[in-house]
Amino acid sequence: MASLQSLRGMVDLLPEQLGLWQHVEVTAREQFRRSAIREIRTPLLEVTELFARGIGEATDVVGKEMYTFFDRGERSCTLRPEGTASVVRAAIQHGLLSQGPQRLWYGGPMFRYERPQAGRQRQFHQIGVELLGFADACSDVEAIAVAWDLLAELGVGGLELELNSLGSAEDRARYREQLVAWLEQHRAELDADSQDRIHSNPLRVLDSKHPGTQALLAEAPSLASALSDASQSRFAEVQQALTALGIPYVLNPRLVRGLDYYSHTAFEITSSQLGAQATVCGGGRYDGLVQQLGGPATPAIGWALGMERLVLLLSQLKRPAAVASALDLYVVSRGEAAATQALALARRCRQAGLAVERDASGAAFGKQFKRADRSGARWAAVIGEQEAIDGVVALKDLRADGGEPADRRLSPEGLLEALGAALPRP
RNA sequence: GCGGGCGUAGCCAAGUGGUUAAGGCAGCGGCUUGUGGCGCCGCCAUUCGGGGGUUCAAGUCCCCUCGCUCGCCCCA
């Protein structure tokens, strides 16, 4: 293969596919606008330390999945593997939090060095929401509802909301001790991966898919029983609010999530139609992160949604979202003088708001009309040698049946007027 | 990082050791130098991801390599 290719796991998005993407983006923007959530954009590249401190040194993301390199100033830089740490960094850096709670969303590419598979790429795209400075249980549910309603609005069905509580930082620390002690006692019975995680990331052992380990875990101390009374009643509040909003959920006590910063509410929205990578949207509460990154103590909740996975679901739908506004006008011409007039006409019509394509081939009219037909345009404007001399254009309705020559001859302004009347104006 | 599957044209794809690499879509040209959708005709892979080997003979078998893909892992 002599020609150059994109890097493994880095995919091109072609015009044909982008109709769906743009539909998602427009719908999401509208959902955020209604939800009083404002956009924030942060750099794709950050100092490595941000992610190491924010996400956690022991996590897989930081430990083995980051695109990290030294720049010319010998600073260690990393392509962002997720969005939350950057948003929090930006909020701290610009004093946003001293202006009160922040309701923010972001979107764009993320990078993780993993083996690609269905629903997993090295460069992928997320849309995410971060509510900074919101402590109450209803805010957790508000965040979840924004995601849930966005997916509903897009018409994605068959989704499941999985829910768990990781408790407060103290609960988690206490439980961690219990769990490590128990795991140590049963070390020999665990699978190799889980053995490695006993000290580095014991909670993840709970989510092991190894059948033997799972069977054994039935006997392990449970996270739920380690929650303080306050944490438990907080979790109950979240569940009540979800019920009040009519959002169905299932409790998943094994849901711990891979990033260190989560506490209390953790959730994932999954689909059975995505293959092994079933999570479309995942998130949770991260009350400690802002302070950990040097900001004021700030409770927060957020989520991220995988664009590729969402688009995958959408493209499986029977009724794919209506895309691509067709062309209004296709301009056909023949001869040098006509080409200039065709260009001028196309430009004039574009200035008036019409979608116009001009055939630049100079080929036989038969060919040009074939392309005009395929372009999906509603009308064709014809400028041949005779029209060029007379300073007129012939207008032809491409939705009419036959192949008879266009008979309406109009001045350019007359054509504009005729089309303006025929087309619905926004 | 570890397993499985697969690489034939822009896309889909037949071909399972015998030599002229089916077919379809798209594209291009013509029937039709000034008028589209249908139809018909023609063109479009000196070569089967790349390299080496076995053989009289390799797209077909073997080895290596690159890539894609699915899964493990992890997560969006």
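A note on names: the letters A, B, ... follow the listed sequences, proteins ahead of strands, and every chain is numbered from 1.
For the P atoms, the distance from G7(B) to A13(B) is 10 Å, rounded to whole Å. Spacing between U55(B) and A14(B) at atom C1', rounded to whole Å, works out to 25 Å. If you take atom C1' in A45(B) and the same atom in G24(B), they sit 16 Å apart, rounded to whole Å. Using P as the reference atom, A21(B) and A9(B) are 15 Å apart when rounded to the nearest Å. Separation of the P atoms belonging to A26(B) and C38(B) is 9 Å when rounded to the nearest angstrom. Spacing between G15(B) and C48(B) at atom C1', rounded to whole Å, works out to 11 Å. For the P atoms, the distance linking C41(B) with G53(B) amounts to 46 Å, nearest Å. Nucleotides G18(B) and C61(B) place their P atoms 12 Å apart, quoted to the nearest Å.
Remark: R115(A) is not in phosphate contact with C70(B), judged by side-chain N or O atoms under 4.0 Å from OP1 or OP2. The side chain of R334(A) contributes no N or O atom lying less than 4.0 Å from OP1 or OP2 of U35(B). At C28(B), one or more side-chain N or O atoms of R371(A) fall inside 4.0 Å of OP1 or OP2 (strictly under the cut-off).
Across all strands shown, C38(B) remains unpaired; no Watson-Crick or G-U wobble contact has both distances below 3.5 Å. Base-pair partner of G17(B): not found among the strands shown (Watson-Crick or G-U wobble, both distances under 3.5 Å). A22(B) is unpaired under the criterion used here, namely a Watson-Crick or G-U wobble arrangement in which both key atom distances are under 3.5 Å. Pairing partner, C72(B): G1(B), with both Watson-Crick or wobble hydrogen-bond distances short of 3.5 Å. Across all strands shown, C6(B) is found opposite G67(B) as a Watson-Crick or G-U wobble partner, with both distances under 3.5 Å. Using N1 to N3 plus N6-O4 or O6-N4 for Watson-Crick, or N1-O2 and O6-N3 for G-U wobble, each under 3.5 Å, A58(B) pairs with nothing. Look at U32(B): it lacks any Watson-Crick or wobble partner with both distances under 3.5 angstrom.
Judged by atom type and distance alone, Q117(A) reaches the base of C73(B) through a side-chain donor-acceptor pair under 3.5 Å. Between the side chain of E387(A) and the base of G34(B), a donor-acceptor pair under 3.5 Å is found. Taking only distance into account, the side chain of R8(A) never meets the base of C66(B) through a donor-acceptor pair shorter than 3.5 Å. Donor-acceptor pairing under 3.5 Å, judged by distance alone, is present between the side chain of R120(A) and the base of C73(B).
Ranking C73(B), G71(B), A76(B) by closeness to the K64(A) side chain, first place goes to C73(B). Out of G36(B), G27(B), G71(B), the shortest distance to the side chain of A118(A) is found at G71(B). You'll find that the side chain of R309(A) is closest to C75(B), out of C75(B), G34(B), G27(B). In this structure, of G27(B), G30(B), A76(B), it is G30(B) that holds the atom nearest to the side chain of K367(A). Here the side chain of Q277(A) is nearest to one of G29(B), C75(B), G27(B), namely C75(B). Among the nucleotides U35(B), C70(B), A76(B), the one closest to any side-chain atom of Q126(A) is A76(B).
Look at NE2 on H125(A): it is 17 Å from C1' on C75(B), rounded to the nearest Å. In this structure, Q5(A) atom CD and G49(B) atom P are separated by 13 Å, rounded to whole Å. Spacing between atom OH of Y67(A) and atom P of C75(B) amounts to 18 Å, rounded to whole angstrom units. Taking atom CZ on R122(A) and atom C1' on U69(B), their separation rounds to 14 Å, with Å as the unit. Note: CD (E162(A)) to C1' (A76(B)) measures 14 Å, nearest angstrom. Atom-to-atom, CG of L7(A) to C1' of G67(B) comes out at 13 Å; the value is rounded to the nearest Å. Regarding D373(A), its CG atom lies at a distance of 13 Å from the P atom of A26(B), rounded to whole Å. Straight-line distance from the CG atom of L14(A) to the P atom of G10(B): 15 Å, rounded to whole Å.
Heavy atoms of Q386(A) sit under 4.0 angstrom from at least one base atom. Using a 4.0 Å heavy-atom criterion, one finds that A372(A) contacts no nucleic acid atom at all. Counting any heavy atom pair closer than 4.0 Å across all strands shown, G128(A) reaches no nucleic acid atom. Residue-level contact check: G384(A) touches the bases, meaning some heavy atom is under 4.0 Å from a base atom. Residue contacts for R204(A): at a heavy-atom cut-off of 4.0 Å it reaches the sugar-phosphate backbone alone, with no base atom in range. At a threshold of 4.0 angstrom between heavy atoms, the contacts of E385(A) include nucleobase atoms, whether or not backbone atoms are also involved. Q121(A) comes within 4.0 angstrom of a nucleotide base, judged by non-hydrogen atoms across all strands.
Between W303(A) and F32(A), the ring planes lie tilted relative to each other; the angle falls in the 30° to 60° range.
Cation-pi geometry between R122(A) and Y67(A) is not met: the NZ or CZ atom fails to fall both under 6.0 Å from the ring centre and inside 45° of the normal.
For the residue pair E160(A)/T270(A), the side-chain donor-acceptor check at 3.5 Å is not satisfied. Looking only at atom types and distance, the side chain of E130(A) has a donor-acceptor partner in the side chain of Y286(A) under 3.5 Å away. In the model, E46(A) has no side-chain atom that pairs as donor or acceptor with a side-chain atom of T78(A) under 3.5 Å. Side-chain contact, R358(A) with S333(A): no donor N or O sits under 3.5 Å from an acceptor N or O.
A distance-only check finds a donor-acceptor pair linking the side chain of R120(A) to the backbone of R115(A) [under 3.5 Å].
Rounding to the nearest 0.5 Å gives a distance of 3.5 Å between CG of D140(A) and OG1 of T265(A).
For the pair E268(A) and G9(A), both in contact range of RNA chain B, the more 5′-proximal nearest nucleotide belongs to G9(A).
Atom CZ of R38(A) sits in a sparse spot, with 12 or fewer heavy atoms from other residues, nucleotides or ligands closer than 6.0 Å.
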